[in-house]
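What follows is a short report on a single structure.
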Amino acid sequence: MDLVTPNLGLVVWTTISFAILLFLLGKFAWKPILGALNDRERFIEDSLSKAEAAKDEMARLTNENESLLKQARAERDQILSEARKVKEQMIVDAKELAHKEGARMIELARVEINNQKSIAMADVKNQVATLSLQIAEKVLRKQFEDHQKQDELVSQLLKEVKL
Amino acid sequence: MNNSSILNSKIFKPLLISALFLLFCVKPTLSFSQEKAAEASEKPFDPKEVVFEHIGDSHSWPVAIPFMDEHFVSLPIILYTDKGLEVFSSGKLGFHHEEGHEATIYKGEHYSYKLEDKKVVAVDEAGEAIKDAKIYDFSITRNVISMWLGMIVLLIVFFSITSAYKKRVGKAPKGLQALLEPVILFVRDDVAIPNIGVKYVKYMPLLLTIFFFILINNLLGLVPFFPGGFNLTGNIAVTMVLSVIVLVVINFSGNKYYWKHIFTPDIPLWLYPIMVPVEIIGILSKPFALMIRLFANITAGHIIVLSLISLIFIFKTAWMATVSVPFVVFMDCIELLVAFLQAFIFTMLTSLFIGMAVEEHHH
């Protein structure tokens with residue numbers, strides 16, 4: 001029975017001691033310790049969420065970069081193909097132009113040649129005519145030095161003339 | 001050849017240390033056995049007396065001092081009598097091991113005193129107890145001293161880790177701090193928060209203090225020599241104080257739902273005469289269960305260990321030690337578990353009861 005009878009002195013001392021212990025530990029140990037633990041947990045949580053945010057940002061940036069790259073690549077391809085097209089067009093145009101120009105020049109040359117030819121022919125004709133007239137004149141003069149011959153010719157001509 | 005090899009061998013030093021250690025530990029037991037052996041002719045060995053001497057409280061502190069016969073340290077006795085305060089050393093009343101001889105009578109200022117059944121009683125000249133003398137014993141007994149030792153250990157440990165927390169802000173815990181931080185976090189995250197909920201912050205100091213107070217005293221109680229060798233958490237007065245504190249805290253934090261549940265529960269009116277008294281008993285029975293659980297668990301463990309040791313003296317042969325010691329080691333391992341378990345259960349149930357008292361009901 002002695003065992004389960006609380007001793008008054010021990011009750012009093014335990015109460016006083018426990019109250020002091022609770023006060024001392026509560027004020028000087030638990031409060032700072034729990035505060036420090038809370039702070040650290042908050043810090044860790046913050047850091048984790050920041051890391052998460054950084055990761056998201058990173059992923060976003062990577063995505064953006066990739067899409068930018070893709071866009072740039074597409075643009076480059078487009079520019080290249082356009083350039084190719086332009087080049088071909090240019091070649092085609094140039095060829096056509098050259099062709100036309102050539103044809104025009106040929107035409108011009110022909111016209112010029114023709115002109116020159118006709119001028120030359122006219123000249124030649126004139127000279128031929130002049131020459132022939134001079135020859136004819138000289139011949140005639142030579143022929144008609146003899147009177148008889150003139151009569152012969154006139155008669156011949158008359159003969160030829162049929163009325 | 002053998003001698004020199006033993007002296008030179010590397011195991012000599014550990015051997016010497018162990019031998020000295022054994023001497024220190026076993027000395028009181030040995031002398032105790034001799035003493036008992038000497039008395040054996042008059043009085044047979046009484047294990048009950050030995051066990052109850054240990055698990056009870058005492059006005060003196062048994063210590064093992066090698067090669068000296070005095071194994072008790074006097075402690076102050078403080079008495080509040082109906083005639084006034086009385087303070088003297090327990091050495092003046094003689095020590096309990098001298099019982100069997102005539103008890104020493106000390107003549108104080110107001111009364112004469114002697115030890116009767118380990119209790120201080122007022123006596124007259126003839127040594128007869130004075131029945132109407134009112135004496136309240138507030139002595140610094142063995143349990144009070146051991147409680148203070150435990151408290152000093154707690155204060156040193158936790159003040160040092162508090163300074164560690166202040167010095168190492170934002171760094172990982174280290175040393176003692178790293179050892180105890182999981183325990184503190186365990187009390188917070190696995191005991192307080194699941195049971196109490198969001199209002200746990202207010203109760204953390206109490207729960208942590210209760211947990212570590214019970215734990216350190218349980219553990220020190222397992223050490224058979226200084227600074228242990230007492231049975232503080234297995235003392236009904238200590239567990240009573242702890243559970244009264246819990247009782248007060250529970251009922252002072254009880255909200256309107258808690259009191260409504262007790263006095264006007266949602267049951268038919270004719271059940272009230274049964275239910276209301278049951279609920280009121282429930283207020284008291286919860287802390288009462290805490291008190292008995294801790295007391296019984298720790299005391300039972302100490303009784304088992306001491307009984308196993310007593311077997312050696314009952315059979316009066318050292319060979320019994322080959323049986324007893326393994327069992328004691330086994331029991332000590334279980335007691336180590338119980339020391340943690342009981343501290344945990346006490347704290348757990350305290351927070352559970354507080355949680356029930358502060359719970360908000362949403363009907």
Side-chain angles (χ1 to χ4, degrees), chain A residues 1-70, chain B residues 52 55-57 78-80 117-119 136-141 143-144 147-148 150-151 154-155 157-159 161-166 168-173 177 180-181 184-185 188 201 204-206 208-210 212-213 232 234-242 244-245 291-292 295 299:
Chain A
M1 207 50 213
D2 203 27
L3 198 60
V4 286
T5 316
N7 178 299
L8 177 68
L10 193 52
V11 167
V12 170
W13 285 119
T14 309
T15 312
I16 294 170
S17 310
F18 189 82
I20 292 171
L21 183 72
L22 183 60
F23 170 77
L24 286 178
L25 284 182
K27 195 166 165 63
F28 300 112
W30 304 136
K31 209 173 150 191
I33 290 175
L34 290 172
L37 285 176
N38 265 342
D39 286 352
R40 196 167 64 205
E41 264 157 28
R42 210 170 306 129
F43 173 73
I44 290 171
E45 221 158 88
D46 270 10
S47 305
L48 281 179
S49 61
K50 267 181 203 156
E52 192 66 27
K55 214 174 81 184
D56 285 354
E57 180 71 19
M58 197 73 185
R60 202 181 60 77
L61 280 176
T62 314
N63 267 351
E64 208 167 86
N65 279 354
E66 222 155 82
S67 68
L68 272 177
L69 202 66
K70 213 179 271 176
Chain B
F52 277 78
I55 60 174
D57 206 349
I78 303 165
L79 299 174
Y80 184 76
D117 250 2
K118 285 186 275 174
K119 280 204 183 94
Y136 301 101
D137 189 349
F138 294 108
S139 305
I140 311 296
T141 58
N143 273 343
V144 176
M147 177 165 61
W148 289 349
M151 282 170 56
L154 283 186
L155 289 175
V157 165
F158 285 107
F159 283 177
I161 77 168
T162 304
S163 69
Y165 274 105
K166 279 179 185 158
R168 300 171 51 79
V169 176
K171 285 186 194 162
Q177 186 194 6
L180 285 169
E181 188 181 299
I184 296 171
L185 286 177
R188 194 191 66 178
V201 181
M204 277 312 288
L206 178 76
L208 284 169
T209 311
I210 285 180
F212 284 105
F213 179 80
L232 183 70
N235 190 301
I236 195 90
V238 176
T239 60
M240 192 185 84
V241 170
L242 291 176
V244 167
I245 290 168
M291 167 175 90
I292 297 297
F295 157 74
T299 302

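Note that this is a predicted model, so its numbers are computed, not measured. Sequence lines set the chain letters: A, B, ... in the order given, protein chains first and strands last, and positions in each chain run from 1.
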Exercise. Going through the checks in order, is the side-chain contact (heavy atoms from CB on, under 4.5 Å) test met by B:Lys166 and A:Ile33?
Worked result: CA-CA 8 Å; B:Lys166 279 179 185 158; A:Ile33 290 175; over 6 Å; no

For this session: Inspect the surroundings of CZ in B:Phe159 and state if more than 12 heavy atoms from other residues, nucleotides or ligands are less than 6.0 Å away.
Result: yes

For this session: Look at B:Val238, B:Ile245, B:Leu154 and state which one has the largest set of heavy-atom pairs under 4.5 Å with chain A.
Result: B:Val238

Exercise. Between B:Ile78 and chain A, which part of the residue has a heavy atom less than 4.5 Å away: side chain, backbone, both or neither?
Worked result: side chain

Seminar exercise, completed: Sequence neighbours excluded, the answer for salt bridge (charged side-chain N to carboxylate O under 4.0 Å, His left out) partners of A:Glu52 is none

For this session: Taking the six-membered ring for Trp and the full ring for Phe, Tyr or His, determine whether the centres of B:Phe158 and B:Phe212 are under 6.0 Å apart.
Result: yes

For this session: For each of B:Asn143, B:Val169, B:Leu208, tally heavy-atom pairs with chain A at distances under 4.5 Å, and name the one with the top tally.
Result: B:Leu208

Problem set entry | Contact class of A:Val12 relative to chain B, heavy atoms under 4.5 angstrom | side chain

Seminar exercise, completed: Bottom line for B:Thr239: the part with an atom under 4.5 Å from chain A's heavy atoms is neither

Exercise. With chain B, which of A:Ala36, A:Pro6, A:Gly35, A:Gly9 has the greatest number of heavy-atom pairs at distances under 4.5 Å?
Worked result: A:Pro6

Exercise. Once you round to the nearest 0.5 Å, how far does CD of A:Glu66 lie from CG of A:Leu61?
Worked result: 12.0 Å

Exercise. Is it the backbone or the side chain of B:Ile184 that comes under 4.5 Å from a heavy atom of chain A, or both, or neither?
Worked result: side chain

Exercise. Taking every heavy-atom pair that is under 4.5 Å apart, which of B:Leu242, B:Thr162, B:Val244 has the most such pairs with chain A?
Worked result: B:Thr162

For this session: Would you mind telling me which of B:Ser139, B:Gly56, B:Ala237, B:Gly234 has the largest number of heavy-atom pairs within less than 4.5 Å of chain A?
Result: B:Ala237

For this session: Drop me the distance from B:Met204's CE to B:Thr209's OG1, to the nearest 0.5 angstrom.
Result: 9.5 Å

Exercise. What's the shortest heavy-atom distance between B:Pro173 and A:Arg40, and which atoms?
Worked result: CD-NH1, 3.5 Å

For this session: Please flag which part of B:Lys171 lies under 4.5 Å from any non-hydrogen atom of chain A: side chain, backbone, both or neither.
Result: backbone

For this session: Would you mind checking which part of B:Phe52 comes under 4.5 Å of any heavy atom in chain A, side chain (CB onward), backbone (N, CA, C, O), both or neither?
Result: side chain

Exercise. When only pairs under 4.5 Å are counted, which of B:Glu181, B:Gln177, B:Met240 shares the most heavy-atom pairs with chain A?
Worked result: B:Glu181

Problem set entry | Atom CH2 of A:Trp30 with >12 non-hydrogen neighbours under 6.0 angstrom | yes

Exercise. Could you give the distance from CG (A:Leu48) to NZ (A:Lys50), rounded to the nearest 0.5 Å?
Worked result: 11.0 Å

Exercise. Which bit of A:Phe43 comes within less than 4.5 Å of chain B, counting heavy atoms only: side chain, backbone, both or neither?
Worked result: neither

Problem set entry | Residue selection (most heavy-atom pairs with chain B, distance under 4.5 Å) from A:Asn38, A:Leu21, A:Leu25, A:Leu24 | A:Leu21

Problem set entry | Which of B:Ile292, B:Val201, B:Leu206, B:Thr141 touches chain A most, by non-hydrogen pairs under 4.5 Å | B:Leu206

Exercise. What part of B:Met147 is in contact with chain A, defined as an atom under 4.5 angstrom from a non-hydrogen atom: side chain, backbone, both or neither?
Worked result: side chain

For this session: May I ask you to check whether over 12 heavy atoms, not counting those of A:Glu45, lie within 6.0 Å of atom CD?
Result: no

